[in-house]
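Below, each value reflects all heavy atoms present in this structure, side chains not excepted, and no hydrogens, waters or symmetry copies.
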Amino acid sequence: HTHDVFVIAAFRDGAQKHQISSARGIAYPGTVMVIPPGVVHTGESAHKDTGWSYSAFYPSAQILTQISMNLFGDNRGSLDFGTTYMIEDKTLAERLLYASDIAHDCADILKRQEAVYNAFELLIRRYGRRSCQLAVSRRDLAPVHKGLEFMRANLRQSLKIQDIAAAAELSEFHFMRLF
C-alpha cells in the first residue's frame, strides 16, 4: 500500500519485516522508518507468533518542508531523505517515541506540539537534504518577544501555538524553533 503523506515510525518492541519500494529489511527497537509519500511498502511480523510495536507520524510533505525552510532559511528545492528508508539511530527513535507519548498522553497542546516539532527537527537536521546548498539562517529573537508578551497578557487562557505564533508574526514551526 501507499500513503499520500510521509510515514515516520520509531520501533518500540519486537521486529517488523518489511519491503519499502524494492528494499527489504527488518526493523528493531532503535530503528526509524521514513517512507516518502507515494512509496509502496508492506510490513509484517519478522518472527512467527510474535508481533512488534511502533509509533508512527503521518505528516504532510508541506509540514516537513516548512520546518526545513525555517531551519535552513531557504525555500528553494524540496526536502528529501534519500532512499535509505530505515535509519539506525537510537537517539532519534527515542525522541520520536517520546513525542508520540507526549502527543498521546499530555493535555497541554503546547507541550504536544513542541515535542513533535522537536522530533521532526532532529530528523530533518540529521537526515533531511534540500535539492540545493543551504545555510542555517541567523536567528532573530525579536519576534519571540512579541510571543512572550502575548502569553503574559493571556496567562489565564488556554493558548494554542498558532495563536502565539500569529502574535509573533511567525509560522508555528518558526516560532517553536526560535522559542
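- Glu169 pairs by the salt bridge (charged side-chain N to carboxylate O under 4.0 Å, His left out) definition with Lys146, not counting sequence neighbours.
- For Thr65 (side chain) and Gln62 (main-chain N/O), no donor-acceptor pair under 3.5 Å exists by modelled atom type.
- Atom CD of Glu121 is separated from atom CD of Glu114 by 10.5 Å, given to the nearest 0.5 angstrom.
- Distance CG/Leu159 to CD1/Ile164: 5.0 Å, rounded to 0.5 Å.
- Sequence neighbours left out, the pairs with a member in residues 156-166 that pass side-chain hydrogen bond (donor to acceptor under 3.5 Å, both in side chains) are Asn154-Gln157.
- Side chains of Thr50 and Ser45 form a contact here, defined as non-hydrogen atoms less than 4.5 Å apart.
- Other members of the hydrophobic cluster containing Tyr28, listed by chain and number, are Ile26; membership follows side-chain contacts under 4.5 Å among ILVMFWY residues, whether direct or relayed.
- Residue pairs meeting the ring pair (Phe, Tyr, Trp, His ring centres under 6.0 Å) criterion with at least one member in residues 79-112, sequence neighbours excluded: Phe6-Phe81.
- Follow the hydrophobic side-chain contacts under 4.5 Å out from Val7 and you reach Trp52 in the same cluster.
- Side chain of Ser21 to backbone of Ala23: no donor-acceptor contact under 3.5 angstrom is found.
- Remark: His3 engages His1, His41 in a side-chain hydrogen bond (donor to acceptor under 3.5 Å, both in side chains) (not counting sequence neighbours).
- In this structure, Leu64 CG and Asp80 CG are separated by 12.0 Å, a value rounded to the nearest 0.5 Å.
- Expressed to the nearest 0.5 Å, how far NZ of Lys111 lies from CG of Asp105 amounts to 12.5 Å.
- Considering CD1 of Ile124 and CE of Met69, their distance stands at 11.0 Å, rounded to 0.5 Å.
- With Arg95 contributing its side chain and Leu122 its backbone, the two residues share no donor-acceptor pair below 3.5 Å.
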Tabulate below the donor-acceptor pairs under 3.5 Å that side-chain atoms of residues 9-17 make, not counting sequence neighbours, or state none.
residue : atom : partner : partner atom : Å
Arg12   : NE   : Ser55   : OG           : 3.3
Arg12   : NH2  : Ser55   : OG           : 3.1
Arg12   : NH2  : Asp101  : OD1          : 2.5

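- Between Asp89 and Tyr127, the closest side-chain pair of non-hydrogen atoms falls below 4.5 Å.
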Could you walk me through whether Gln19 and Thr42 pass the side chain to side chain donor-acceptor pair (under 3.5 Å) test, one step at a time?
CA-CA 5 Å; Gln19 180 171 343; Thr42 65; 5.2 Å; no

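- Ile161 has its side chain out of reach of Ile109: every pair of non-hydrogen atoms, C-beta onward, lies at least 4.5 Å apart.
- Listed by chain and number, the residues in a side-chain hydrogen bond (donor to acceptor under 3.5 Å, both in side chains) with Glu44 amount to none (sequence neighbours excluded).
- Ser53 meets the side-chain hydrogen bond (donor to acceptor under 3.5 Å, both in side chains) test with no other residue; sequence neighbours excluded.
- Residues Met86 and Val32 have side chains not in contact (no heavy-atom distance under 4.5 Å, counting atoms from C-beta outward).
- Residues forming a ring-ring contact (aromatic ring centres under 6.0 Å, His included) with Tyr117 (at least two apart in sequence, or on another chain): Phe173.
- The stretch residues 46-59 participates, sequence neighbours left out, in no salt bridge (charged side-chain N to carboxylate O under 4.0 Å, His left out) pair at all.
- In terms of hydrophobic clustering, with Ile, Leu, Val, Met, Phe, Trp and Tyr side chains grouped at heavy-atom distances under 4.5 Å, Ile35 and Tyr54 are assigned to a common cluster.
- Taking 4.5 Å as the limit, every side-chain heavy atom of Thr31 sits out of range of all side-chain heavy atoms of Ile87.
- Residues Val116 and Ile8 share a hydrophobic cluster, clusters being chains of Ile/Leu/Val/Met/Phe/Trp/Tyr side chains in contact below 4.5 Å.
- Residues Phe150 and Leu110 fall within the same hydrophobic cluster, defined by Ile, Leu, Val, Met, Phe, Trp and Tyr side chains chained together at heavy-atom separations under 4.5 Å.
- The structure places CZ of Arg125 at 4.5 Å from CG of Leu71, a figure rounded to the nearest 0.5 Å.
- Here the closest heavy-atom approach between residue Asp4 and residue Pro37 is recorded as O-CB, 3.6 Å.
- By the side-chain hydrogen bond (donor to acceptor under 3.5 Å, both in side chains) test, Glu149 pairs with no residue at all, sequence neighbours left out.
- Using a 4.5 Å cut-off between side-chain heavy atoms of Ile, Leu, Val, Met, Phe, Trp and Tyr, with links allowed through other members, Leu170 and Leu148 fall into the same hydrophobic cluster.
- Within the 4.5 Å cutoff, the side chain of Ile63 has no heavy atoms near those of the Val5 side chain.
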Are Met33 and Ile20 close enough, and set up right, to give a side chain to side chain contact (heavy atoms under 4.5 Å, CB included), and what steps lead you there?
CA-CA 10 Å; Met33 178 185 292; Ile20 305 169; 4.0 Å; yes

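- Counting side-chain heavy-atom gaps under 4.5 Å among Ile, Leu, Val, Met, Phe, Trp and Tyr, Val40 is found in no cluster with other residues.
- For Ser100 (side chain) and Leu96 (main-chain N/O), no donor-acceptor pair under 3.5 Å exists by modelled atom type.
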